[in-house]
Amino acid sequence: MGYDHAAIEQKWQQAWEADGLYRAEVDWDRPKHYAVTMFAYPSGDLHIGHWYAMTPSDARARYMRMKGYNVLFPMGFDAFGLPAENAAVQNNVHPWEWTYRRIEFMRNQLRSMGMMIDWSREVVSSDPSYYKWTEWFFKKMYEAGIAYRGEALVNWSETLQTVLANEQVIDGKDERTGQPVEQRMMEQWFFAITKYADELLSYDGIDWPDPIKTMQTNWIGRSEGAMVTFASPAGDIEVFTTRPDTLWGATFMVLAPEHPLVAGLTSDEQRAEVDAYVAAAARRSELERMEESREKTGVFTGGYATNPVNGAAVPVWIADYVLISYGTGAIMAVPAHDQRDFEFARQSGLEIAPVIQPEGSDKLVADEMEESYVGPGTMVDSGPISGVSTNMEKGRKNPSIAATIDWLEENGAGVESVNYRLRDWLISRQRYWGSPIPIIYRHDGGLETVADDDLPVVLPRDVEFLPSGRSPLKTHEPFLQTIDSDGQPAIRESDTLDTFMCSSWYWFRYLGPQVELAPFDPEEAAYWLPVDTYTGGSEHAVLHLLYARFFVKAMRDMGLFDETVAIMEEHGRDPEMVLREPFLQLRNQGQILGEERAGDIVAVDGEWDGERLLADSIKVGGDQAGTVTGELMSRKERVMRVATEAGVVIVEAKPDTTVEIAAIPGENDVNQLNHHLEIERMSKSRGNVVNPDDLVVEHGADTVRTYLMFAFDWLKGGPWDSRGIAGAGRFLDDVWRLGTADYDEGEVEAAATAALRRRVHQTIRKVGSDLHDFKWNTAVAALMTLRNDMLAALRSGDVTAAAWTEAVDSLLLLLAPIAPHITEELWTLRGGAGSIHSASWPVADDAIAREETVTMVIQVNGKVRDRIEVAADITAADAEAAALASARIAEWTKQGQIRKVIARPPKLVNVVVD
RNA sequence: GGGCGAGUGGCGGAAUUGGCAGACGCGCAGGAUUCAGGUUCCUGUGAGGUAACACUCGUGAGGGUUCAAGUCCCUCCUCGCCCACCA
């Protein structure tokens with residue numbers, strides 16, 4: 001049976017588009033809802049993960065629309081980026097072609113999902129009409145002093161032939177491609193995101209998941225302390241410390257090998273050794289450094305610096321446990337109270353000077369210490385702050401730190417200071433397929449921005465891609481050669497902008513994508529901003545989502561919202577959040593993983609030890625039989641669960657157990673069995689990609705949408721299960737049956753009618769709150785329950801025709817956001833007015849939804865002993881009486897004294913017996 | 001090493017303020033329909049126990065608070081994610 005999903009879905013997709021059903025227009029008389037789902041990278045085709053991310057967002061936008069909001073739900077493409085360029089090199093396709101062909105393909109796929117996208121607002125970040133404004137934003141930032149060119153140690157990828165931002169490097173590798181990255185000193189373009197570090201730490205007024213906020217907070221990494229100056233013959237050495245109170249215990253200093261003062265401090269005797277160490281450190285990539293053991297190495301420079309608190313000459317060492325990229329690249333070492341310094345001191349025979357006396361114990365003796373002491377106590381041997389107590393608090397909240405900072409500032413030896421882990425955002429890339437940077441290098445050596453009238457600097461199309469991967473812009477003379485504002489020959493900047501810059505403002509461009517004089521239309525912005533709901537993957541926690549917040553704050557400071565704010569105030573709207581944050585509410589979906597494979601068949605030989613089989617040998621694959629033969633279900637450490645025909649058997653591997661895996665020749669290990677159970681990310685190379693287009697052909701878009709929303713906890717995701725989709729298909733087949741049935745009243749029963757109506761109104765309430773709260777799975781479950789009740793009613797005919805009609809209409813309306821096509825078709829077939837997607841969300845009548853009688857649980861000492869039907873409005877006294885009247889309860893309570901009775905009508909009564 | 005989150009049937013997952021654990025679905029089993037397979041329909045489905053009830057056990061492990069704990073507190077284990085020599 002079933003319904004003709006292919007015909008219905010296509011028909012309605014075309015009809016909706018022809019009618020402009022989803023076009024959103026400013027209407028100040030109606031409440032607005034601006035819903036955005038992260039725009040798509042045109043990777044080629046949408047995989048099931050896109051559906052998983054996007055269709056629930058679509059369902060929510062549809063729900064809000066039915067609730068009476070004027071909803072804007074646009075879509076665009078994040079079209080610049082390296083893959084297009086790689087394809088150009090490998091397959092000889094121009095990035096333009098590669099990108100736009102994929103966008104066209106993906107547009108069709110998005111249509112096939114039945115999304116309520118307002119396509120009239122589509123943006124493509126590689127269109128000159130879009131990147132004109134990306135360039136313009138850069139120019140504005142430059143003029144405002146937020147964008148600057150500077151030399152710094154940056155992440156360079158030789159294989160990708162470009163630099164990368166800090167946020168894009170994970171474990172010394174590019175986060176997207178896994179290509180290794182090395183540190184290089186280079187002159188690059190930056191955004192001064194660190195100016196906004198403190199402001200970015202505040203999440204006031206936004207409803208974001210705590211883990212994302214935590215990750216951003218950790219990424220920004222604010223620490224409070226002091227900047228202290230140690231004088232040396234080679235110049236002042238600045239150090240940042242969170243523990244200035246331990247300055248009197250600073251017995252040596254350590255500089256990063258890359259520190260600029262290293263050469264000047266190095267004595268002639270030490271020079272050879274220092275040079276060798278610096279050279280060795282430079283040769284090692286970040287990756288290699290991390291792979292090495294934590295053994296601390298370092299060498300003495302031969303130079304000394306002066307500890308400002310006591311004038312002591314402290315030896316200056318270099319070691320690679322001090323990173324040039326954090327703080328000032330130099331530290332004061334307090335071995336007695338810092339574990340890393342302690343280890344280094346012990347290894348190198350350096351002095352250890354305790355300055356904290358632990359609470360309730362004797363003074364520490366350096367030679368007896370086995371590790372550094374980091375606990376609370378009293379400062380000792382610390383000059384003016386001796387005797388001050390110290391606790392575990394950070395910054396000025398710790399009395400010893402507060403006292404030291406005061407002393408340092410009074411004596412001009414240091415200042416209170418805050419240090420951040422966050423570094424400025426490196427935005428230039430040595431790539432072709434990105435937005436050009438509108439900068440000209442003048443004939444006189446200066447810099448100037450491209451005039452507004454000349455924006456955008458257009459990316460030339462006639463370029464040749466070389467196997468080296470080097471950007472063709474670097475050698476494209478017609479692009480490079482230009483003239484400056486004096487009419488003199490000049491050279492264009494040939495780096496392009498990080499694609500994360502394109503995605504840092506795209507939701508503004510939806511608000512006037514055709515506007516030519518500004519990046520967005522202030523009137524539109526005043527109405528729609530800020531974004532009410534933003535959905536997407538949590539992998540952008542510290543990339544896109546941090547940059548987006550920074551962008552809004554910078555735009556505010558550059559006055560780019562002035563007009564918008566004026567219009568908002570005219571209409572009596574509070575602009576505060578528009579000026580502060582891009583997205584009021586953020587929700588991150590989880591990830592759909594590849595389908596779980598059935599475990600391999602294993603044959604285990606061994607001896608029984610009570611309940612488990614101690615394995616002598618485990619054979620995987622092939623068709624051997626053993627003491628136990630069955631499917632491997634799970635493995636934790638050395639313990640496996642094996643499903644045999646007789647049941648689940650626990651198998652434990654011994655250290656000398658032999659493991660043979662047919663697919664892996666040679667010696668094997670129990671640990672390798674995990675590979676045979678792994679649930680993996682979907683990827684083409686693993687061959688476990690679920691293609692949504694095939695699913696749509698087989699089951700229909702509505703079924704795929706319903707299944708995706710039903711089968712997972714949306715925030716968590718999980719492995720795909722190709723069998724489970726059948727349940728969603730059966731559900732929609734039933735909906736079709738219910739929606740097209742000719743209902744015949746049989747023997748109508750008042751109670752049955754009331755029960756169905758009660759179910760309907762309870763479902764209205766449940767589905768509404770679940771869709772509001774992004775709880776798709778329980779919303780669908782509630783609709784399935786309604787379906788079950790309606791099928792029963794259809795069979796028996798015991799409800800009134802009016803109740804039946806109400807049930808069918810409600811079912812269709814409640815399901816419309818989730819399965820838009822089938823509900824629209826049935827709505828129309830049943831003579832519904834207009835589109836179901838423009839209909840109003842049904843309102844639950846609490847009087848109808850209310851249960852008349854409920855099952856009250858009666859417990860004895862907290863254990864359920866009886867259940868009785870009582871009126872829903874039963875009083876506590878009556879509930880108690882009813883409970884005690886129960887024969888079964890009397891049976892349970894006759895052994896002891898009834899101490900008390902706790903009545904929670906109408907849910908439960910608990911009889912407490914001694 | 002640090003931070004955050006999570007552990008519930010064969011599986012995905014439900015479970016307002018602590019108050020009937022396992023909603024809904026998948027799978028599985030039995031039955032009906034069918035020449036047969038599939039589809040569809042009905043019934044059952046945490047474990048033990050029983051003819052059937054009763055009853056006992058049961059939300060990673062152990063302890064605690066409470067009349068009552070998946071939920072709160074403590075200790076531990078495992079898994080996931082993020083950061084990681086961060087001064």
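Quick note on labels: first sequence line is chain A, next is B, and so on, each numbered from 1.
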Strand RNA chain B as a dot-bracket string - pairs counted if Watson-Crick or G-U with both distances under 3.5 Å, | where the partner lies in another strand
(((((((..(((......[....)))((((((.......))))))(((......)))..(((((..]....))))))))))))....
The correct set of residues in residues 704-717 of chain A placing a heavy atom under 4.0 Å from RNA chain B is F710(A), A711(A), D713(A), K716(A), G717(A)
Please state the C1' separation for the pair A14(B) and U71(B) - nearest whole angstrom.
14 Å
State which of G25(B), G3(B), C86(B) makes the closest approach to the side chain of N788(A).
G25(B)
Under 4.0 Å between a side-chain N or O of W720(A) and OP1 or OP2 of C11(B)?
no
Expressed as a whole number of angstroms, how long is the span from W219(A):CH2 to C86(B):P?
15 Å
Report the nucleotide, chosen from C83(B), A87(B), C67(B), that has the shortest atom-to-atom distance to any side-chain atom of N861(A).
C67(B)
Between C26(B) and C74(B), how far apart are the P atoms? Round to whole Å, please.
41 Å
Which residue pairs pass the side chain to side chain donor-acceptor pair (under 3.5 Å) test when at least one of the two sits in residues 897-912 of chain A, sequence neighbours left out?
R899(A)-D914(A)
Does D770(A) form a salt bridge (Lys or Arg N to Asp or Glu O under 4.0 Å) with K766(A)? I'd like the steps, not just the answer.
CA-CA 6 Å; D770(A) 281 351; K766(A) 173 74 177 156; 3.3 Å; yes
List for me each residue that meets ring-ring contact (aromatic ring centres under 6.0 Å, His included) alongside F712(A), sequence neighbours excluded, and say none if there are none.
Y52(A)
Set of residues satisfying side chain to side chain donor-acceptor pair (under 3.5 Å) with respect to T229(A), sequence neighbours excluded:
E238(A)
Using the ring-ring contact (aromatic ring centres under 6.0 Å, His included) criterion, which residues pair with Y707(A)? Sequence neighbours excluded.
W720(A)
Taking N or O atoms only and anything under 3.5 Å, show me the protein contacts with nucleotides 57-60 of chain B, one pair per line.
| from | atom 1 | to | atom 2 | distance (Å) |
| --- | --- | --- | --- | --- |
| C57(B) | OP2 | K863(A) | NZ | 3.2 |

Can you identify which nucleotide, out of G13(B), C24(B), C26(B), has its nearest atom closest to the D721(A) side chain?
C26(B)
Point-to-point distance, once rounded to the nearest 0.5 Å, from CG of N307(A) to OG1 of T251(A)
9.5 Å
Under the salt bridge (charged side-chain N to carboxylate O under 4.0 Å, His left out) definition, can you give me all pairs with a residue in residues 321-341 of chain A, not counting sequence neighbours?
D338(A)-R340(A)
Give me the ring orientation class for Y3(A) and W736(A): parallel if the planes are under 30° apart, tilted from 30 to 60°, perpendicular past 60°.
parallel
Interatomic distance where CG belongs to L546(A) and C1' belongs to C82(B) [whole Å]
14 Å
Categorize R888(A) for me: base, sugar-phosphate, or nothing, with a 4.0 angstrom heavy-atom threshold over every strand shown.
sugar-phosphate
Of the listed nucleotides C86(B), C55(B), A23(B), the one nearest the side chain of A781(A)
A23(B)
First of I725(A) and T214(A) reached from the 5' end of RNA chain B, by closest nucleotide
T214(A)
Could you write out each protein N or O paired with an N or O of nucleotides 19-22 of chain B at a distance under 3.5 Å?
| from | atom 1 | to | atom 2 | distance (Å) |
| --- | --- | --- | --- | --- |
| G19(B) | O6 | R904(A) | NE | 3.4 |
| G19(B) | O6 | R904(A) | NH2 | 3.4 |
| G19(B) | N2 | Q859(A) | OE1 | 2.9 |
| G19(B) | N2 | N910(A) | ND2 | 3.2 |
| C20(B) | O2 | R867(A) | NE | 2.7 |
| C20(B) | O2 | R867(A) | NH2 | 3.2 |

How long is the line joining CG of L323(A) and P of A84(B), in whole Å?
10 Å
Taking every heavy atom of A53(A) against every heavy atom of W714(A), the minimum-distance pair comes out as O-CZ2, 3.8 Å
Enter syn or anti for the glycosidic conformation of G58(B), syn applying to angles within 90° of 0.
anti
What contact category does D210(A) fall into here, base, sugar-phosphate, or nothing, at under 4.0 angstrom with non-hydrogen atoms?
nothing
R765(A)/D846(A) salt bridge by N-O under 4.0 Å criterion:
yes
Considering only side-chain heavy atoms of K775(A), which listed nucleotide, A23(B), G25(B), A15(B), is closest?
A15(B)
P spacing across the pair G70(B) / A21(B), given as an integer number of angstrom
8 Å
Can you tell me the distance, in whole Å, between the CE atom of M784(A) and the P atom of C24(B)?
11 Å
Return no unless some side-chain N or O of R899(A) is found under 4.0 Å from OP1 or OP2 of A68(B).
no
Are the side chain of Q762(A) and the backbone of A849(A) linked by a donor-acceptor contact shorter than 3.5 Å?
yes
Can you check the distance between C53(B) and C42(B), where both ends of the measurement are the C1' atom (answer in whole Å)?
24 Å
I'd like a table of atom pairs between the protein and nucleotides 41-44 of chain B - only N or O on both sides, under 3.5 Å - with the distance next to each one.
| from | atom 1 | to | atom 2 | distance (Å) |
| --- | --- | --- | --- | --- |
| C42(B) | OP1 | R795(A) | NH1 | 3.2 |

From the options V334(A), V355(A), V374(A), T390(A), select the one residue that forms a side chain to side chain contact (heavy atoms under 4.5 Å, CB included) with R243(A).
T390(A)
Steps toward side-chain hydrogen bond (donor to acceptor under 3.5 Å, both in side chains) verdict (T242(A), E224(A)):
CA-CA 6 Å; T242(A) 54; E224(A) 294 173 14; over 6 Å; no
For atom C1', what is the distance between U66(B) and C86(B), given to the nearest Å?
45 Å
Verify the contact: side-chain N or O of N777(A) to OP1 or OP2 of C24(B), cut-off strictly under 4.0 Å; return yes or no.
no
I'd like to know if the side chain of H259(A) and the backbone of I237(A) have a donor-acceptor N/O pair within less than 3.5 Å.
no
If you compare every side-chain N and O of R340(A) against the phosphate oxygens of C86(B) (OP1, OP2), does one of them come in below 4.0 Å?
yes
Which part of the nucleic acid, if any, lies within reach of R865(A) when heavy atoms closer than 4.0 Å are counted: base, sugar-phosphate only, or nothing?
sugar-phosphate
Excluding sequence neighbours, so at least two apart, what forms side chain to side chain donor-acceptor pair (under 3.5 Å) with S372(A)?
Q339(A)
Using the P atom on both, measure G30(B) against U50(B) and round to a whole Å.
22 Å
Just by distance, do the side chain of Y277(A) and the backbone of T297(A) share a donor-acceptor pair under 3.5 Å?
yes
Which residue, I902(A), N861(A), D866(A), T893(A), forms the side chain to side chain contact (heavy atoms under 4.5 Å, CB included) with V911(A)?
T893(A)
Which whole number of Å gives the distance between the C1' atom of A61(B) and that of G49(B)?
26 Å
So, using side chain to side chain contact (heavy atoms under 4.5 Å, CB included) as the criterion, who are the partners of M784(A) when residues are at least two apart?
F710(A), F731(A), V780(A), R787(A)
Could you measure between the two C1' atoms, the one in G25(B) and the one in A32(B), and give it in whole Å?
23 Å
Checking N419(A) against S223(A): is there a side-chain donor and acceptor pair closer than 3.5 Å?
no
